[in-house]
Amino acid sequence: MEEVDVEPAVTNIPAVGDKKHMGFAWGPGDILVYETLYQPPGPSGSVFPFIHEVRKDEDIYSPILRKLFNESHHIFVGLQTIKEDLPSKSKKPQFVSISKNYRSVIRACMEELQQVAISTNDAQVATQYGNQVSILLAIELIWNLCEVLFIDAAPAGSLLLHLLDWVRLHKADVYEKAREVLHSENPAEHPDYWDVVVSYVLQGKLEEVRQMLVKQATQQPAARGMYNLMDTLLSKMPYYNPGGTQTLTEFDVKWRHWHDEVDRCVQDNSFASNQHLELICKILLGSEDTLLQCKDLLSNWYHFLVTRLLFGHPTVKPTELHYFAQSSINMFLDSRTAPEPLDSILLAAFEFDIHQVIKDCSIALNNWWFVAHLTDLLDHCKLLQSHNLHFGSNLREFLLLEYASGLFTHHSLWQLAVDYFDHCPEFGRVYLELQIERVPLETERKALKVLRICEQRQMSEQVRSVCKIMAMRALRNNRLGSALSWSIRAKDAAFATLISEKFLQDYCARGTFSDLDLIDNLGPSMLLSDRLTFLGKYREFHKLYGEKRFTEAAKLLLSLMTAKIAPRSFWMTLLTDALPLLEQKEAIFSAEQTYELMFCLGELTSSLNTAAPGTDRSMQEEDLEVTKVELLRLALARNLAMAIVKEGTVDT
Amino acid sequence: MVSVINTVDTSHEDMIHDAQMDYYGTRLATCSSDRTVKIFDVRNGGQILVADLRGHEGPVWQVAWAHPMFGNILASCSYDRKVIIWKEENGSWDKMYEYTGHESSVNSVCWGPYDFGLILACGSSDGAISLLTFTGDQQWDIKKISNAHTIGCNAVSWAPAVVPGSLIDQPSGQKPNYVKRFVSGGCDNLVKLWKEEDGQWKEDQKLEAHSDWVRDVGWAPSIGLPTSTIASCSQDGRVFIWTCDDPAGNTWTAKLLHKFNDVVWHVSWSITGNILAVSGGDNKVTLWKESMDGQWACISDVSKGQGAVSTITDTQQNEQ
């Protein structure tokens with residue numbers, strides 16, 4: 001961990017020349033830096049053609065920490081759904097259990113890291129993971145203390161019991177040592193025997209102490225009496241039972257009584273002949289000097305603090321903690337050693353200065369995960385309300401945004417970040433809007449995922465952007481159907497027109513439509529652009545024709561021209577399509593419809609004639625066109641005759 | 001943690017002047033005094049040269065990626081007075097358009113927000129700013145603001161396509177009436193804001209604070225507040241943060257971010273606009289963040305070091 005409130009850290013980039021500058025650019029997540037020269041062109045000397053990608057929040061990319069991010073995400077989302085209106089009394093156990101869940105995720109992750117650090121052969125990886133373990137250890141330690149002090153907020157009496165648990169959990173090496181001693185051939189003779197006994201005393205594990213002492217007593221029959229006396233003292237030490245009927249005052253009286261008894265033993269020099277038992281007795285008395293002699297076994301000031309409270313002030317109130325903490329730190333650390341960041345953070349916690357804790361953690365620990373989640377939890381416990389920030393957003397949101405922004409740069413974790421942004425009422429949405437457009441849409445599936453996220457949140461601009469990108473990409477890959485459906489989703493009329501045009505060109509060239517399913521099911525989206533409407537209707541004509549519903553087909557075909565839905569360039573194709581209908585045995589076009597068809601043909605040929613000079617169509621094409629027109633004229637005339645006869649017949 | 005995660009050897013034969021990641025961080029475009037523009041595929045820490053674009057006849061100053069909804073399009077500008085727009089078609093990169101309307105070096109190119117279609121602003125040493133708009137069918141519409149900055153224009157940067165405060169005032173679902181705006185900085189020591197009205201570009205604001213050439217300007221992304229923010233840096237060593245809370249966009253106030261001991265060449269905002277990166281004659285890139293009490297603090301510093309890459313933990317946040 002680093003010192004708190006330091007100068008910004010420096011990252012060094014390899015480079016050459018002295019008179020060169022550092023150029024940079026933002027990537028979506030990383031920063032690019034390179035050597036450059038901003039001055040006008042001139043001799044630039046030696047060139048260093050490298051571009052370095054610099055990344056913040058590299059933790060995000062650790063495969064093991066990914067589990068931490070994933071699992072804590074579930075806990076986070078669960079926490080957000082706790083009902084606001086529940087009475088705070090029934091919410092507290094929930095918050096405590098959520099806090100414990102977070103801690104167990106940290107522990108699991110820590111254990112896994114430890115395993116990897118031990119099993120790897122790569123020294124660099126081992127160091128890296130070792131560092132991460134020590135950071136997670138510190139995080140868990142701080143979190144646990146915050147849980148005891150802020151979330152559980154245990155009152156006098158229970159407070160000490162919780163602190164004792166806290167110290168025991170984080171000073172677990174005693175148990176390993178104890179196991180080693182107990183499994184040795186002769187535990188009482190083991191060199192670590194007394195260290196284990198004293199460590200147990202310091203942690204208030206007096207039952208264990210008694211069991212250990214029995215082993216010693218049996219070997220020293222002469223000292224039996226002394227051991228018995230110690231056993232009685234140990235067994236009689238009162239513990240507060242928060243669930244019981246005893247009041248705190250009653251406990252206090254009882255405790256004082258026991259304390260006097262210990263004091264008498266010291267005064268009487270009951271254990272003078274055995275230095276170990278005498279040491280234990282003085283610890284039980286709460287002698288600070290004696291405790292300080294055990295510095296090595298206590299190993300840190302907060303263990304000292306808790307042991308000091310256990311044997312000196314077991315009914316300590318939360319408000320008195322800061323006094324004991326400060327004095328413990330002063331007594332424990334000699335004046336030459338400056339407190340480390342972790343010490344300051346724990347001290348701030350003992351002072352109930354939540355904001356200082358969060359602030360110092362943000363600076364000292366190099367990850368946002370911890371501060372963001374802890375602050376969120378504390379905010380739900382209504383512990384942060386007094387702190388309104390000028391920055392426009394509250395502390396909780398500020399930290400969550402930082403954390404989630406880091407997640408967003410990761411190729412798969414970005415999906416977790418979405419939920420975090422969702423729970424930032426003020427800026428979450430805009431952050432999400434800005435970030436989600438940077439998610440690479442490598443596959444259709446990923447695009448649909450991004451799209452769903454945007455649609456669920458009514459981010460219409462982003463939906464449009466994603467669809468347009470996908471439409472453009474499909475077009476570039478010549479997948480017309482996909483391009484069309486994306487541009488319909490994007491409601492991009494110009495692009496839909498462009499693609500419809502391509503479909504029609506395709507049809508003219510090959511005589512068949514691709515992506516029939518799509519075109520057949522356009523429905524109302526057909527109205528997005530005129531050309532798309534035409535495409536849809538034209539396909540409908542083919543369908544009717546295929547189903548031999550000639551009258552309807554004929555009517556539709558005609559209306560495409562008369563209602564000006566079909567582009568003029570396509571009329572000849574439409575008229576050619578009319579030919580087989582005109583040549584049916586029965587008249588399908590009525591006389592009136594035939595007149596209209598003739599009018600269309602007339603209009604088309606006159607415009608063709610005027611446009612004819614200068615066009616570079618080959619003679620062959622020209623001939624073909626002329627033949628087509630003649631064929632049409634003939635067919636129209638025949639049909640007209642048939643229709644008149646038919647209509648006349650019906651009339652009479 | 002701030003650490004170097006990847007190093008790309010561009011093999012440029014002369015000084016690199018700009019490097020830009022595409023929208024997704026998957027491709028890197030670089031340009032150099034060796035007159036080339038190169039494109040690398042940098043996915044998964046790789047570095048595959050995708051294109052080596054030759055067409056400029058002088059040092060290439062800047063490159064800019066267009067939004068991916070327009071396809072894969074890159075603009076470059078050069079000392080040779082040209083702006084070239086490159087486009088990838090069927091896997092190969094080719095010139096899509098070449099603009100030769102400037103009479104001197106073109107120093108800066110910047111694509112407008114995608115809401116406006118393909119529109120490119122170019123700032124030149126001839127003092128003019130050109131706006132190139134794609135109108136379809138390989139046609140580009142050109143508008144030129146002559147004498148935008150006396151002696152020369154050094155930088156251009158577009159405003160986000162939002163009416164300030166629109167996310168608060170606008171009824172949902174209704175598309176706000178976007179106004180095209182951008183900021184420029186030049187050798188007249190001025191920062192100028194430009195606005196399109198009835199198809200014509202007009203000077204909207206003139207921001208005076210710098211005492212020497214303005215080297216770069218950056219308009220911050222909108223984060224939904226009715227505030228516009230611009231950063232500017234200058235040869236005078238100063239970096240200013242300009243803000244405007246007024247919906248009409250008329251009242252801008254300047255706040256000095258920092259006075260450096262040397263020329264400040266480049267400023268740029270992160271995607272969500274919460275971090276400003278600054279680089280100057282002191283051979284450093286510093287990252288600045290507005291803390292919760294509205295003060296700007298330097299949070300990290302990327303410097304030139306000797307020899308091997310060293311990784312140093314950074315302070316993540318400074319609330320003071």
Side-chain angles (χ1 to χ4, degrees), chain A residues 2 5-6 8-15 20-38 41 44 47 49-59 359 362-363 366 368 389-392 395 398 405 427 430-431 434-435 438 440 458 460 465 468-469 472 476, chain B residues 1-12 14-17 19-21 23-26 30 33 59 68-71 79 114 221 223-225 265-266 268 270-272 277 279 281 283-285 292-294 298-305 307 309-310 312-319:
Chain A
E2 273 188 89
D5 274 342
V6 287
V10 177
T11 304
N12 286 317
I13 303 297
K20 306 289 166 57
H21 300 127
M22 290 260 293
F24 74 91
W26 287 102
D30 311 323
I31 305 165
L32 304 171
V33 292
Y34 49 90
E35 190 180 271
T36 188
L37 200 59
Y38 285 116
S44 40
V47 174
F50 296 101
I51 292 183
H52 305 286
E53 230 177 313
V54 175
R55 177 171 290 166
K56 292 190 84 194
D57 298 324
E58 220 205 338
D59 279 353
K359 188 190 144 184
S362 314
I363 297 169
N366 59 42
W368 290 106
L389 300 163
H390 306 292
F391 188 58
L395 182 64
F398 183 90
S405 298
F427 292 117
V430 195
Y431 267 63
L434 289 168
Q435 298 271 16
R438 306 287 176 151
Q458 276 99 41
S460 46
S465 158
K468 282 185 165 188
I469 291 167
M472 177 58 92
R476 280 185 18 230
Chain B
M1 298 275 272
V2 169
S3 46
V4 177
I5 55 152
N6 192 14
T7 297
V8 178
D9 180 358
T10 63
S11 299
H12 274 299
D14 207 336
M15 200 53 75
I16 298 171
H17 294 295
Q20 293 291 331
M21 280 285 196
Y23 225 66
Y24 303 130
T26 53
T30 62
S33 269
M69 72 165 61
F70 303 110
Y79 184 68
Y114 63 73
I223 54 158
L225 289 176
W265 296 96
H266 187 25
S268 176
S270 64
I271 290 171
T272 48
S279 98
N283 301 333
K284 271 185 190 178
V285 179
M292 291 180 286
D293 55 7
C298 179
I299 53 159
S300 187
D301 180 337
V302 181
S303 288
K304 198 165 63 183
V309 177
S310 62
I312 296 173
T313 322
D314 82 323
T315 62
Q316 294 216 327
Q317 165 198 0
N318 194 331
E319 287 176 64

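The model shown is predicted, which means the values in this text are computed figures rather than measured ones. Here is how names work: the chains are called A, B, and so on, in the same order as the sequence lines, proteins then strands, and each is numbered from 1.
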If I compare all heavy atoms of [X] with all of [Y], which pair ends up nearest, and what's the gap?
X      : Y      : value
A/A25  : B/A19  : CB-O, 2.9 Å
B/S279 : A/M22  : OG-O, 2.9 Å
B/M69  : A/S465 : CE-CA, 3.6 Å
A/Y34  : B/H17  : OH-O, 3.5 Å

Pi-cation contact, B/Y24 with A/R438 (under 6.0 Å, within 45°):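 That pair does not qualify as a cation-pi contact.
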Please flag which part of B/Y114 lies under 4.5 Å from any non-hydrogen atom of chain A: side chain, backbone, both or neither.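 Contact with chain A involves the side chain of B/Y114 alone.
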Atom group of B/S11 that falls short of 4.5 Å from chain A, counting heavy atoms: backbone
side-chain contact (heavy atoms from CB on, under 4.5 Å) against B/A277, all qualifying residues, sequence neighbours excluded: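 Result, side-chain contact (heavy atoms from CB on, under 4.5 Å) vs B/A277: A/F24, A/W26, B/V285, B/L287.
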For B/T272, check side-chain contact (heavy atoms from CB on, under 4.5 Å) against everything at least two apart and list the hits. A/Y431, A/L434, A/Q435, B/S270, B/N274
Could you state the interatomic distance from CD1 (A/I51) to CE (B/M21), rounded to the nearest 0.5 Å? 9.0 Å
Just by distance, do the side chain of A/T36 and the backbone of B/I16 share a donor-acceptor pair under 3.5 Å?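 Checking the backbone N and O of B/I16 against the side chain of A/T36, a donor-acceptor pair under 3.5 Å is found.
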Among the listed options B/S268, B/P68, B/G71, the residue most often paired with chain A at heavy-atom distances under 4.5 Å: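 The answer is B/S268.
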Winner by heavy-atom pair count (cut-off under 4.5 Å) against chain A, out of B/I271, B/T10, B/T30: B/I271
Contacting moiety of A/L32, where chain B heavy atoms sit under 4.5 Å: side chain
